[in-house]
Every structure is written in structure tokens, then in C-alpha cells.
S.K.: 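One structure coming up, written as C-alpha cells, with questions to follow.
Order of the sequence lines sets the chain letters (A, B, ...), proteins ahead of strands, with each chain counted from 1.
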There are 2 protein chains.
Amino acid sequence: MSIRGLFPIDKWDFKSESILMNLPDEDFAILSANQSEQPYSKGEVIFREGGYPTGIFYIKEGKVKKYKLIDGGEQIIYVANSGELIGYHAVLSEERFPDSAAALEESVVGFIPKEDFFEVLQRSNILSRRLLKTLSHEFTVLANGMTLFAQRSVRERLALQLIVLREKYKTNFKPGEPVEINLSREDLASLVGTAKENIVRILSEFKEKEILKTKGRKIVIYDVKKLIEIANYK
Amino acid sequence: MSIRGLFPIDKWDFKSESILMNLPDEDFAILSANQSEQPYSKGEVIFREGGYPTGIFYIKEGKVKKYKLIDGGEQIIYVANSGELIGYHAVLSEERFPDSAAALEESVVGFIPKEDFFEVLQRSNILSRRLLKTLSHEFTVLANGMTLFAQRSVRERLALQLIVLREKYKTNFKPGEPVEINLSREDLASLVGTAKENIVRILSEFKEKEILKTKGRKIVIYDVKKLIEIANYK
DNA sequence: ACGAAAAACTGAAAAAAGTCATTTTTTAGA
DNA sequence: TCTAAAAAATGACTTTTTTCAGTTTTTCGT
């Protein structure tokens, strides 16, 4: 049995992967009609907090961070993987973007104008129903995240994030091969909600416990079970 | 200009108040048909984490806390006021309740079976559209909450919660009259994500600064502006 | 392959938060 | 109104986290 089976990672990881999959042909045609795609290089901003949304984004390749700017620094809220949809909250709530998005690696992102998105929402209730389900699930996951921040130590939070990130970076590696997480200490710190120095310190602790190794900025995970223990993951 | 006007409290406070308001008569009739209502005394549990949802709840009178159980203690996620809808996330995501709900004071709560709720969702897209908007907004607010936990000190978090709670308890008092927040130190601690001792200590700090007074368990707020400063509220 | 710039790492000290034991005050029921 | 139980408040102490100043290592463009 896989770790994935034993421990429902997605309790801590909302995914919007399936929203646009297998929609009726007509709906799909509308969404495709004016769709455009664009490559983003590492670090490039896709949309910015406070901007007016003109459509939704679909990650075709790569990984994207969603983050909020906060006194000079940033707080990463979520790492979205290829296949996922981003930017639709602001479109649906008819507000400005509450957060920014930037590529974590070379990525390709598709764009669908909000008019087309709304047209499909209007036409069929399949998309509505899926979105309601996804948004409700996301709410649940975020509430878990809040509890995590409020009740767990930095060490526990880091352990859990490493488990979640390992799942995201899994796709880049062959099964059985140890997974390498390719994220700067600064981004990792921002995701965990602490300073980069603490991440470095706790990572070397984990190295001593033979949970992982670091290769420059890459973190190679060897012992997920110990991480689960440390994360006190339930 | 009111504090409310100057500072958009609802950046930190999602409200589902208007979801069922002014729906088309037919939709409203369906929702009312099998609706039932029940009084809950202070502390009484309305639904429990892990249970299977059979419908959604509407707070007619009183206040309700939504919380997650976590190693013996609890983490309060949200204080819902009269007029608000709760329990619909689990119904929409077709999962079990991710959190529990209990009355914070004598309350009256209405119950609408999920079949009726789904029927209205199916019939008209007004409710769908509203829910999509509300859920997206809630997502944004929760993400703000996460950032708060991750980046702010206990003092700042408490100050902000007092501002938000003051708005909720406002309805119980005449305009101009100082607002009394009636919440145990333990619940307040759980909402802020710290131990009750810390709440007591920071509250007495605030008393010295003439921001508030305490009357037993009640907290009377006198100087919201200072709280806003401390909360570093942007 | 080289060198400058960026990122990662280290140590020490200060501040913040958490814990535990105990006293005082408040609440709620008889 | 009195009293027992619950909640709030206080003090001393421990642990965790933050901060700052610096060194070493890695990365990346040429």
C-alpha cells in the first residue's frame, strides 16, 4: 500500500485538476475558442494582487506559486501543479485578485477570457456543480491549513509541507526514484510561514535523522514515514 | 465616516447572510417546505466533525462557533452570526463535516434537508451563482486568515479578532453604546490560536492602554483605533 | 571554467510564546 | 444570598522562534 493510500495528502492539498476535464463538447468548444497560451520563465509574474481579472488561467506545464505580499515579504498560499486552474476565485467573486501568481519553474499557462467562462457557467450546470464542489473542498483544505498554522510548530509544519511537496514533485521522477523538491529555502520558508534560517536549521536536523539529503537547493526525500511521524499527521 | 467604512472588516469576515435572501418565490417555497427549527442552549453541539451531512443550517437567532477538534483542544475557525448559513460546504463537496458547530449563546437554528437544497440548485442558477460568489469570497477571506496566522504575532491577531468580534456583537447594543464581547478567554484563545494565559496577559496590557475594560468574562471595547494600530491592519 | 552575485548556512543573543502551579474572582445553582 | 465549581488572573520558568551579523557554498552568465 502506498503512503498516498495510507495518508490522504489531499486533506492538505486542494486540487482543481479535474474542473475542465470531460466537459460536454460544446462547453469545451466555447472555452477553447479564444483560449491563448503563453510561456512563463522562472519567477515571472502571471497576475498581480489587486489587479482586475479578465479571465482564468490553466497551467499546462510547470508549477506556479500563489502568494500574498505582506510587508515587503511574501506569504505563499499554495503551489499549483500542471493541470490545475488558477485565478478563478477573483472572477467568480467579482473582486480584484486577492493574491499574486508567479512561475516556480519554466511553465506554460493557458488563458480563457472570463466572458467565455461565464457563458459556459450560464449554459450548463455541469461546470457550476463542479466548481461548487471544488470550492467547498478548497475551503475545507484551507481551514485545515489555518489549523495547522495555529496549532503546529514550525518543525511540524515543515514536515507536512515536505510531504505535500513531495507529492507535487513526484511527477518529475520515475517511480521508486527518490523525489527531489526544487524550491528555494526562501520560498519554502514563506510556505511554512517562518524565516529561511529556521528552514535551514530544521532541514539539517532532518539530514542528521537521515530523512533527506540536500543537493544545493534541491531537497531529496528518503524517509517519508519519519516525516509523517514528525508532522504528527492525522 | 464609520470605522466600518474606513476599514473593510469583511476582509477578515466572510458572511453568508444574503445567500437565501430574495430568492424567487418558487425556490423559496421549496426551501421552506421541509424546513424545521430548533433551539440550542449555550454550548450545545449542532453538528459534529466527521458526521454525514443531511442538510444545511440557517442561524435564526444567536451566535455559533465553527471549530475543529485538535489533540484534546479545539481550534475555532469562525464565529457565525444570526442570518448566516452554515454546514453547506460539506453538503456541496459531498464529504463529511470537516468541522463541528456549537451554540455560543442561546440560539435558534433552522434546518433545510439537502434534497431540497439540491433541488433548488438544479432548478435555477440564481442560487448556484450566489453560492459560487460566496464560496470564492470565503476562500479569499480564509487565505487572509492563514496569512494572519503565519505572519502576525499573537498580540496582532488578538487585536484583529477583537475588531472583528466587536462588529459581530454590535447588533446586541445600541449605536454609540460601547460594545461588549461575550466570549470566554478559552474560546478567544482558540480563535486566536494561543493559550488562554496569553490572552489574559495581552488583555490586561490592552486595559492599561485604555483600549478596553473587562467585566468578568465580558470585554468592553472603548478604543477601536488603537486596536487597528496594534493589528497593523491594512 | 571562471568570477560575481545569489543563495545557503552558522552561531549567538534577544524576544516571543508556551507551560505549569497557584491564587483570586466570577458564575450559576441550591 | 450563599456556596461550590468554573473561569480568570498571576508569577516563575522553559522552550521555541526570531533576528542579526557574518561565512561558506552554489548558481549562472560569459
Side-chain angles (χ1 to χ4, degrees), chain A residues 41-44 65 70-76 104-106 148-159 161-162 180-208 212-220 230-232, chain B residues 41-44 65 70-76 104-106 148-159 161-162 180-208 212-220 230-232:
Chain A
S41 51
K42 189 171 167 179
E44 208 177 336
K65 63 177 173 184
I70 193 132
D71 351 278
E74 61 182 49
Q75 167 69 40
I76 297 182
L104 277 172
E105 54 188 51
E106 304 299 304
L148 187 72
F149 273 115
Q151 304 278 356
R152 303 288 186 205
S153 68
V154 172
R155 183 168 293 92
E156 289 172 306
R157 272 154 32 210
L158 175 56
Q161 282 300 349
L162 289 175
E180 292 182 7
I181 295 169
N182 191 355
L183 204 62
S184 73
R185 300 293 177 271
E186 188 139 24
D187 277 347
L188 195 47
S190 158
L191 195 57
V192 171
T194 186
K196 49 189 182 306
E197 292 94 327
N198 294 318
I199 296 294
V200 169
R201 267 183 264 273
I202 300 170
L203 282 180
S204 50
E205 219 182 85
F206 289 176
K207 263 190 276 188
E208 275 172 25
L212 49 83
K213 287 182 185 169
T214 59
K215 285 193 206 172
R217 68 179 245 146
K218 284 178 188 144
I219 298 164
V220 194
I230 291 166
N232 198 7
Chain B
S41 52
K42 189 172 167 180
E44 208 176 336
K65 62 177 173 184
I70 193 131
D71 347 280
E74 61 182 47
Q75 167 68 39
I76 298 183
L104 277 172
E105 55 189 49
E106 304 300 302
L148 187 73
F149 273 114
Q151 305 277 356
R152 303 289 186 203
S153 68
V154 172
R155 182 169 294 90
E156 289 172 305
R157 280 168 7 225
L158 175 56
Q161 283 299 348
L162 290 175
E180 291 182 5
I181 295 169
N182 191 355
L183 202 62
S184 73
R185 301 292 177 272
E186 189 139 22
D187 277 347
L188 195 47
S190 158
L191 194 58
V192 170
T194 186
K196 49 189 183 306
E197 291 94 328
N198 294 319
I199 296 294
V200 169
R201 268 184 262 274
I202 299 170
L203 281 180
S204 51
E205 217 182 88
F206 288 175
K207 264 190 276 188
E208 275 173 25
L212 49 83
K213 286 181 186 168
T214 59
K215 284 194 208 173
R217 68 179 247 148
K218 284 177 186 146
I219 299 164
V220 193
I230 291 166
N232 199 5

S.K.: Can you figure out which of D:dT17, C:dC9, C:dA28 approaches the side chain of A:Thr214 most closely?
M.R.: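 Nearest to the side-chain atoms of A:Thr214, counting from C-beta on, is C:dC9.
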
S.K.: Would you kindly give the NZ-to-C1' distance between A:Lys213 and C:dA8, to the nearest whole Å?
M.R.: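 Taking NZ of A:Lys213 and C1' of C:dA8, I get 19 Å after rounding.
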
S.K.: Expressed as a whole number of angstroms, how long is the span from A:Glu208:CD to C:dT10:C1'?
M.R.: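 Answer to the nearest Å: 13 Å.
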
S.K.: Tell me whether the side-chain N/O atoms of B:Asn198 come closer than 4.0 Å to OP1 or OP2 in C:dA16.
M.R.: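 The answer is no; no side-chain N or O of B:Asn198 sits under 4.0 Å from OP1 or OP2.
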
S.K.: Are any of the side-chain heavy atoms of A:Leu203 and A:Arg185 separated by less than 4.5 Å?
M.R.: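 A:Leu203 reaches A:Arg185 side chain to side chain.
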
S.K.: Given side chains that start at C-beta, do those of B:Phe149 and A:Gln151 come closer than 4.5 Å, heavy atoms only?
M.R.: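 Counting from C-beta outward, B:Phe149 and A:Gln151 never come under 4.5 Å.
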
S.K.: Got B:Val192 and B:Asn198 here, is their nearest side-chain heavy-atom distance under 4.5 Å?
M.R.: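 Heavy-atom side-chain distance check fails, nothing below 4.5 Å.
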
S.K.: State, yes or no, whether a side-chain contact exists between B:Ile199 and B:Glu186 at a heavy-atom distance under 4.5 Å.
M.R.: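 No, every pair of side-chain atoms sits at 4.5 Å or beyond.
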
S.K.: Reckon B:Thr194 has a side-chain N or O less than 4.0 Å from the OP1 or OP2 of C:dG18?
M.R.: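 Yes.
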
S.K.: Measure the distance from NZ on A:Lys215 to C1' on C:dC9 and round it to the nearest whole Å.
M.R.: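 From A:Lys215 NZ to C:dC9 C1': 19 Å.
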
S.K.: Could you check whether the side chain of A:Arg185 and the base of D:dT25 have a donor-acceptor pair of N or O atoms closer than 3.5 Å, going by distance alone?
M.R.: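 Between D:dT25 and A:Arg185, which were checked side chain against base, a qualifying N/O pair under 3.5 Å is absent.
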
S.K.: Is A:Arg217 touching bases, backbone alone, or none of the nucleic acid, heavy atoms closer than 4.0 Å?
M.R.: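 Here A:Arg217 touches the backbone only, sparing every base.
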
S.K.: Where the side chain of B:Ala195 is concerned, which of C:dT19, D:dC28, D:dT10 is the nearest nucleotide?
M.R.: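 Selected nucleotide (nearest to the side chain): C:dT19.
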
S.K.: Base of D:dG11, side chain of B:Arg201 - is there a donor-acceptor contact under 3.5 Å?
M.R.: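 Check passes, donor-acceptor contact within cut-off.
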
S.K.: Whole-Å distance between D:dT16 C1' and A:Ile199 CD1?
M.R.: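 Going from CD1 in A:Ile199 over to C1' in D:dT16 covers 14 Å.
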
S.K.: Roughly how many Å is it from CD in A:Glu205 to C1' in C:dC9, rounded to a whole number?
M.R.: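 Those two atoms, CD and C1', are 15 Å apart.
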
S.K.: Considering only heavy atoms from C-beta outward, does the side chain of A:Phe206 approach that of A:Ile219 to under 4.5 Å?
M.R.: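 SC-SC contact between A:Phe206 and A:Ile219 ruled out.
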
S.K.: Without decimals, in angstroms, what is the distance between B:Lys218 NZ and C:dT27 C1'?
M.R.: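 Roughly 11 Å, once rounded to whole Å.
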
S.K.: Among C:dG18, D:dC20, D:dG11, which nucleotide sits nearest the side chain of B:Val154?
M.R.: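 Between C:dG18, D:dC20, D:dG11, the one nearest the side chain of B:Val154 would be C:dG18.
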
S.K.: Grab the CG-P distance between B:Leu203 and D:dA9 for me, whole Å please.
M.R.: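 Checked: the CG to P distance equals 7 Å.
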
S.K.: Report the residue (B:Arg157 or A:Lys196) whose heavy-atom-nearest nucleotide on DNA chain C is the more 5′ of the two.
M.R.: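 Checking each residue's closest nucleotide, the 5'-ward one belongs to A:Lys196.
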
S.K.: Classify the side chain of A:Glu197 and the base of C:dC9 as holding, or not holding, a donor-acceptor pair under 3.5 Å.
M.R.: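 No, the side chain and the base share no sub-3.5 Å donor-acceptor pair.
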
S.K.: If you find the nucleotide of DNA chain C closest to A:Lys207 and the one closest to A:Ala150, which residue's nucleotide is nearer the 5' end?
M.R.: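 Checking each residue's closest nucleotide, the 5'-ward one belongs to A:Lys207.
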
S.K.: Whole angstroms only, please: what is the CG-P distance between B:Leu183 and C:dT27?
M.R.: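 Result: 14 Å.
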
S.K.: Pick the closest DNA chain D nucleotide for B:Ser184 and for A:Ser153 by heavy atoms, then say which residue is nearer the 5' end.
M.R.: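 Result: B:Ser184.
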
